[in-house]
Visitor: 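Sharing a structure with you now.
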Amino acid sequence: LVRLRERLARSQGGLGRGLLALLSRDKLDEDTWESIEDTLLTADIGVAPTQQLVEHLRTRMRVEGGESPDARTVLREELVALVDPTMDRRLRITGEDGRPGIVLVVGVNGAGKTTTVGKIARILVAEDKSVVLGAADTFRAAAVDQLATWAERVGVEVVRGPEGSDPASVAFEAVKEGIDRGVDTVIVDTAGRLQNKAGLMDELGKVKRVIEKQAPVTEVLLVLDATTGQNGMIQARVFSEIVDVTGIVLTKLDGSAKGGIVVAVQRELGVPVKLVGLGEGADDLAPFDASAFVDALLG
Ligand code: GDP
């Protein structure tokens with residue numbers, strides 16, 4: 001976890017340090033406030049949150065006699081508030097009535113779904129939980145193979161169908177297997193062909209329906225690539241119209257200084273970022289925590 005925090009600081013630290021340097025200037029003139037705004041916008045925080053944050057900072061940094069406020073303290077408090085420490089970020093990985101928790105993982109191809117499924121499985125196995133994976137991205141043989149490789153690596157079972165088979169039937173079989181074996185959690189990887197929204201809606205809707213004949217879906221994780229900026233936000237909106245997203249996984253934060261997207265996407269969907277991906281390795285997934293995130297930003 002320390003290593004992950006360092007990696008986060010490496011990618012996002014420039015943003016935090018840049019803001020702090022600007023806010024620590026002796027004289028906060030209009031040029032400085034403009035630079036602060038630009039820094040926030042460049043980090044993909046979004047227009048409305050940027051305006052709100054700058055307004056709060058202006059109010060709190062105003063010197064009215066006495067000592068000037070501590071820039072670091074003010075910035076830290078305002079950033080934590082913006083990321084919202086009150087959101088419930090726990091993963092719902094356990095089911096009720098002896099049934100497994102069902103985690104459905106959605107997102108466009110390339111966002112990091114399969115990798116994230118593997119990483120979550122690894123975390124659960126490390127916590128002595130039993131897991132079955134469902135390879136419902138049946139349109140891409142490579143995706144199924146990739147998930148099978150992860151399953152082997154982590155030491156969990158994967159349920160897969162023949163190439164091109166019905167994703168819903170694979171999801172059904174995976175959940176059935178999970179129930180029969182009495183595992184703690186079933187994680188279902190899905191296809192993400194966004195070219196055809198109606199088709200995707202039908203498919204994900206069907207996947208969810210057939211799963212819920214057996215057990216409720218406890219968590220729907222939307223995987224978003226942090227490097228895709230506004231495009232990622234559009235994808236997020238489309239998916240949230242198709243399924244009830246309960247949590248966001250922001251991947252590739254290691255390769256982007258645009259950590260502000262955490263704020264933007266939470267606002268847009270009203271759903272918390274629960275996990276962040278910080279690399280391609282098996283251990284490069286961390287629970288998201290508002291205070292720890294801001295601390296990593298500010299170094
Ligand atoms: P999917 O198509 O959504 O299932 O995406 P994949 O899981 O196949 O991931 C696409 C690529 O992104 C792969 O090369 C992954 O190794 C890479 N990837 C996934 N998550 C991360 C991350 O957090 N950081 C980095 N740097 N790469 C990642």
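Atoms within a ligand are numbered from 1 in the order they appear, just like the ligands themselves.
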Visitor: Heavy-atom contact under 4.0 Å between Gly107 and ligand 1?
Guide: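 No, Gly107 has no heavy atom closer than 4.0 Å to ligand 1.
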Visitor: Among protein heavy atoms, which lies nearest atom 10 (C) of ligand 1, and at what distance?
Guide: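 Ranked first by proximity to atom 10 (C) of ligand 1 is Gly110 O, 3.7 Å.
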Visitor: Closest heavy-atom contact between Pro162 and Ser165?
Guide: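 That would be O-OG, 2.6 Å.
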Visitor: Any atoms of ligand 1 less than 4.0 Å from a non-hydrogen atom of Gly277? List them with their elements.
Guide: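 Here the atoms of ligand 1 in question are 23 (O).
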Visitor: Quick one about Thr228 and Asp225 (side-chain donor to acceptor, distance below 3.5 Å, no hydrogens or angles considered), yes or no?
Guide: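 Judged by distance alone, the side chains do not pair up.
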Visitor: Residue-level breakdown please: for Lys119 versus ligand 1, do any non-hydrogen atoms fall below 4.0 Å on the side chain, on the backbone, on both, or on neither?
Guide: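 Under 4.0 Å from ligand 1, Lys119 contributes side-chain atoms alone.
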Visitor: What protein heavy atom sits nearest atom 13 (C) of ligand 1, and how far off is it?
Guide: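 Minimum-distance protein heavy atom for atom 13 (C) of ligand 1 reads Glu280 OE1, 4.0 Å.
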Visitor: Which heavy atom of Val245 sits nearest to which heavy atom of Val271, and what is that distance?
Guide: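 Answer, listing the atom of Val245 first, then Val271: O-CG2, 3.4 Å.
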Visitor: Would you say Ala143 contacts ligand 1, with heavy atoms under 4.0 Å as the rule?
Guide: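 No, Ala143 has no heavy atom closer than 4.0 Å to ligand 1.
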Visitor: Between Leu253 and ligand 1, does any nitrogen or oxygen pair lie at a separation below 3.5 Å?
Guide: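 So ligand 1 has no N or O lying under 3.5 Å from an N or O of Leu253.
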Visitor: Any idea which heavy atoms bring Ala290 and Val83 closest together, and the distance?
Guide: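 Nearest heavy atoms, Ala290 then Val83: CB-CG1, 3.8 Å.
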Visitor: State whether a side-chain donor-acceptor pair under 3.5 Å links Glu219 with Thr246.
Guide: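 Result is yes, a qualifying pair exists.
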Visitor: List the atom of Ala264, the atom of Met233, and the distance in Å for their closest heavy-atom pair.
Guide: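 In this case the closest contact between Ala264 and Met233 is O-CE, 3.5 Å.
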Visitor: With atoms numbered from 1 as shown, which atoms in ligand 1 lie under 4.0 angstrom from a non-hydrogen atom of Asn109?
Guide: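 Those of ligand 1 that fall under 4.0 Å from Asn109 are 2 (O).
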Visitor: Could you tell me if Arg267 and Gln52 have a donor-acceptor pair between their side chains, going purely by distance under 3.5 Å?
Guide: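 Yes, side-chain donor-acceptor contact under 3.5 Å.
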Visitor: Under a heavy-atom criterion of less than 4.0 Å, does Gly255 contact ligand 1?
Guide: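 It does not; every heavy atom stays at 4.0 Å or beyond.
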Visitor: Among protein heavy atoms, which lies nearest atom 5 (O) of ligand 1, and at what distance?
Guide: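 Result for atom 5 (O) of ligand 1: Gly112 N, 3.0 Å.
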Visitor: Considering only non-hydrogen protein atoms, determine which one is nearest to atom 3 (O) of ligand 1 and report residue, atom name and distance to 0.1 Å.
Guide: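 Minimum-distance protein heavy atom for atom 3 (O) of ligand 1 reads Lys113 N, 2.8 Å.
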Visitor: With atoms numbered from 1 as shown, which atoms in ligand 1 lie under 4.0 angstrom from a non-hydrogen atom of Leu278?
Guide: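 Ligand 1 atoms under the 4.0 Å threshold to Leu278: 23 (O).
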Visitor: For ligand 1 and Asp189, I'd like to know whether there is a polar contact (N/O to N/O, distance under 3.5 Å).
Guide: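 No; every N/O pair is 3.5 Å or more apart.
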Visitor: Who pairs with Phe293 by ring pair (Phe, Tyr, Trp, His ring centres under 6.0 Å), at least two apart in sequence or on another chain?
Guide: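 Only Phe288 meet the ring pair (Phe, Tyr, Trp, His ring centres under 6.0 Å) criterion with Phe293.
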Visitor: Report the nearest protein non-hydrogen atom to atom 24 (N) of ligand 1: residue, atom name, distance rounded to 0.1 Å.
Guide: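 I find the closest protein heavy atom is Asp254 OD1, 2.9 Å.
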Visitor: Where do Phe139 and Pro167 come nearest, in terms of heavy atoms and distance?
Guide: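 Smallest heavy-atom distance, with atoms named: CE1-CG, 3.7 Å.
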Visitor: Does the pair Asp284/Arg7 count as a salt bridge with the N-to-O cut at 4.0 Å?
Guide: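 Counted as a salt bridge, because a side-chain N and a carboxylate O are separated by less than 4.0 Å.
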Visitor: For Val108, counting its heavy atoms only, list the atoms of ligand 1 lying under 4.0 Å from any of them.
Guide: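 By the 4.0 Å cutoff, the relevant atoms are 3 (O).
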Visitor: In the protein, what heavy atom is nearest to atom 18 (N) of ligand 1, and what distance, to one decimal place, separates them?
Guide: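 Looking only at protein heavy atoms, the one closest to atom 18 (N) of ligand 1 is Lys252 CE, 3.9 Å.
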Visitor: Just which atoms of ligand 1 are under 4.0 Å from any heavy atom in Gln146?
Guide: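 Answer for ligand 1: 6 (P), 7 (O), 8 (O).
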Visitor: Thr114 versus ligand 1: do any nitrogen or oxygen atoms come within less than 3.5 Å of each other?
Guide: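 The answer is yes, given that Thr114 and ligand 1 share an N or O pair closer than 3.5 Å.
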Visitor: With a 3.5 Å cut-off and no angle check, do the side chains of Ser169 and Asp166 form a donor-acceptor pair?
Guide: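 There is no such pair (donor and acceptor under 3.5 Å, judged by atom type) between the side chains of Ser169 and Asp166.
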Visitor: Where is the nearest protein heavy atom to atom 22 (C) of ligand 1: which residue, which atom, and how far?
Guide: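 Of every protein heavy atom, Gly279 O, 3.2 Å lies nearest to atom 22 (C) of ligand 1.
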Visitor: Between Asp184 and Ser130, is any side-chain donor less than 3.5 angstrom from a side-chain acceptor?
Guide: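 On atom types as modelled, these side chains qualify, holding a pair under 3.5 Å.
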Visitor: Would you mind telling me if ligand 1 is within reach of the side chain of Thr115, the backbone, both or neither, using heavy atoms under 4.0 Å?
Guide: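 Contact part for Thr115 vs ligand 1: both backbone and side chain.
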